[in-house]
> 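I am attaching a structure below and will ask some questions about it afterwards.
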Amino acid sequence: MTLQLRVYVPPHPLIQHWLGIARDAQTPSVLFKTAMTELGRWLTYEAVREWLPTVETTVQTPLAECPATFVDPEAPLVVVPILRAGLALLEGAQTVLPLASTYHLGLVRDEKTLEPSCYLNKLPKQFKVQTRVLIADPMLATGGSIMAAMAELTSRGIEPELVRIISVVAAPPALQRLSVTYPGLNVYTATIDEGLNSVGYIVPGLGDAGDRAFGT
């Protein structure tokens, strides 16, 4: 079976509501950060649907025994926020996946070449087999950062088919690069914008997510 990149734009009213707040240039930093937290929460909720492994058992209610389904606590699950903007999505993602391990990956883009460089890598040398990974990267623009993140993960044993990406805004260049190299990926984004400007920013986008979230 031929693999193909799947990009989902969930038609959830709360996702669209918080996206509108995040896009507004008049939104203050504290509210922008709240919007990103909420987007992290609802995008993660959508991304893990039918993705988390479960176990079947029984529980005793106050009245009778009945079947029950639980998320498998033995299945390895990891969240990787792409610093620093990914931290703004992390808090929301953790409310959905409180037991997931978190590994930070810091990438910064050269504003002239638009190529990323790594300044922090807390990934383990090797992940357990069948580890599921949720990557939090608010802006998929040129694709440089997400491609670098995927290269680091796959070199440590992660299977692309077990990776899900959440982003707030995605642009065609990044999605095209992912589809060529990692066609088995699933991307969950609040919106897909028309393209990039001359300095690699998504248009209309929402500006620099890291700067706006942290007020710097």
Side-chain angles (χ1 to χ4, degrees), residues 5-19 22 32-57 59 68-107 120-140 145-146 149-150 152-154 156-170 178 182 184-191 209-210 213-214:
L5 179 75
R6 295 184 178 182
V7 183
Y8 300 89
V9 182
H12 198 300
L14 288 174
I15 291 176
Q16 297 308 308
H17 172 82
W18 289 110
L19 172 64
F32 181 87
K33 191 171 183 179
T34 296
M36 297 296 281
T37 296
E38 291 300 321
L39 286 164
R41 184 196 320 276
W42 296 111
L43 287 167
T44 300
Y45 171 84
E46 294 288 345
V48 302
R49 188 192 302 269
E50 300 177 355
W51 184 58
L52 297 177
T54 58
V55 292
E56 304 298 325
T57 184
V59 296
T69 302
F70 292 98
V71 174
D72 186 353
E74 300 300 321
L77 179 62
V78 166
V79 178
V80 178
I82 306 302
L83 275 55
R84 73 184 160 141
L87 291 175
L89 295 177
L90 177 62
E91 184 176 345
Q94 287 177 321
T95 64
V96 180
L97 302 172
L99 299 181
S101 300
T102 301
Y103 294 98
H104 298 88
L105 185 62
L107 299 170
L120 178 71
N121 189 335
K122 290 296 185 178
L123 301 178
K125 292 182 179 180
Q126 190 73 19
F127 285 95
K128 294 179 181 178
V129 175
Q130 291 295 299
T131 294
R132 284 168 167 76
V133 178
L134 181 82
I135 301 176
D137 191 0
M139 312 297 289
L140 302 181
S145 293
I146 194 64
M150 284 299 303
E152 292 290 343
L153 289 166
T154 54
R156 290 164 167 78
I158 293 298
E159 299 177 29
E161 293 75 21
L162 295 180
V163 174
R164 298 208 167 179
I165 299 167
I166 60 168
S167 73
V168 178
V169 183
L178 286 171
Y182 304 107
L185 283 175
N186 290 270
V187 178
Y188 290 77
T189 182
T191 190
F214 300 107

> Quick check for you: to the nearest 0.5 Å, what is the distance between T154 atom OG1 and F127 atom CZ?
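It is 10.5 Å, given to the nearest 0.5 Å.
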
> For a side-chain contact (heavy atoms from CB on, under 4.5 Å) check, start with the C-alpha distance between V187 and I146, then their side-chain angles and the critical distance, and finish with the verdict.
CA-CA 11 Å; V187 178; I146 194 64; over 6 Å; no

> Do Y103 and V133 touch side chain to side chain, with heavy atoms closer than 4.5 Å?
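Y103 vs V133: side chains apart.
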
> Between R41 and E38, is any pair of side-chain heavy atoms under 4.5 Å apart?
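The answer is yes; the side chains approach within 4.5 Å.
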
> A side-chain contact here means heavy atoms from C-beta on lying under 4.5 Å apart; do L123 and V80 qualify?
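Yes, side chains in contact.
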
> For the residue pair V55 and E74, establish whether any side-chain heavy-atom pair is separated by less than 4.5 Å.
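Answer no - side chains too far apart.
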
> Does some side-chain heavy atom of L39 sit less than 4.5 Å from a side-chain heavy atom of I15?
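Side chain of I15 against side chain of L39, heavy atoms only: contact under 4.5 Å found.
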
> Would you call the rings of Y188 and Y8 parallel, tilted or perpendicular if under 30° counts as parallel and over 60° as perpendicular?
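If you compare the ring of Y188 with that of Y8, the planes turn out parallel.
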
> Does CD belonging to E152 count more than 12 external heavy atoms closer than 6.0 Å?
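Result for CD/E152: enclosed.
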
> State, with a plain yes or no, whether a side-chain heavy atom of L83 is found less than 4.5 Å away from one of L120.
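With C-beta onward as the side chain, the pair touches.
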
> Using 0.5 Å steps for rounding, measure from the CG atom of L52 to the CG atom of L99.
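If I round to the nearest 0.5 Å, the distance is 10.5 Å.
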
> For S167 and D137, work out which heavy atoms get closest and say how close.
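It is CB-O, 3.0 Å.
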
> Looking at every heavy atom in both A149 and L107, which two are closest together, and how far apart are they?
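That would be N-CD1, 4.3 Å.
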
> To the nearest 0.5 Å, how far apart are CG in L5 and CG in N186?
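Between atom CG of L5 and atom CG of N186 there are 7.5 Å.
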
> For Y45, I'd like to know if atom OH has over 12 heavy atoms of other residues, nucleotides or ligands within 6.0 Å.
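No - once you tally the heavy atoms of other residues, nucleotides and ligands closer than 6.0 Å, there are 12 at most.
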
> Can you tell me if R156 uses its side chain to pair, donor with acceptor, with the backbone of P124 under 3.5 Å?
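At least one qualifying donor-acceptor pair exists.
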
> Tell me, please, which residues at least two apart from L162 pass side chain to side chain contact (heavy atoms under 4.5 Å, CB included).
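Testing L162 for side chain to side chain contact (heavy atoms under 4.5 Å, CB included), a comparison that skips the adjacent residues, returns Q130, R132, E159.
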
> Could you check if a side-chain atom of T34 sits within less than 4.5 angstrom of a side-chain atom of W18, using non-hydrogen atoms only?
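Yes; the side chains approach each other to less than 4.5 Å.
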
> For A190 versus V9, what's the shortest heavy-atom pair and its separation?
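So the two residues come closest at O-CG1, 3.3 Å.
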
> If you define the side chain from C-beta out and look only at heavy atoms, does anything of L90 sit under 4.5 Å from H104?
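Heavy-atom side-chain distance check passes, below 4.5 Å.
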
> Rounded to the nearest 0.5 Å, how far apart are CD1 of I165 and CG of L43?
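Answer rounded to 0.5 Å: 12.5 Å.
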
> To check you understand the geometry: which heavy-atom pair defines the closest contact between P53 and A75, and what is its length?
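What the structure gives for the nearest pair is CG-CB, 3.2 Å.
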
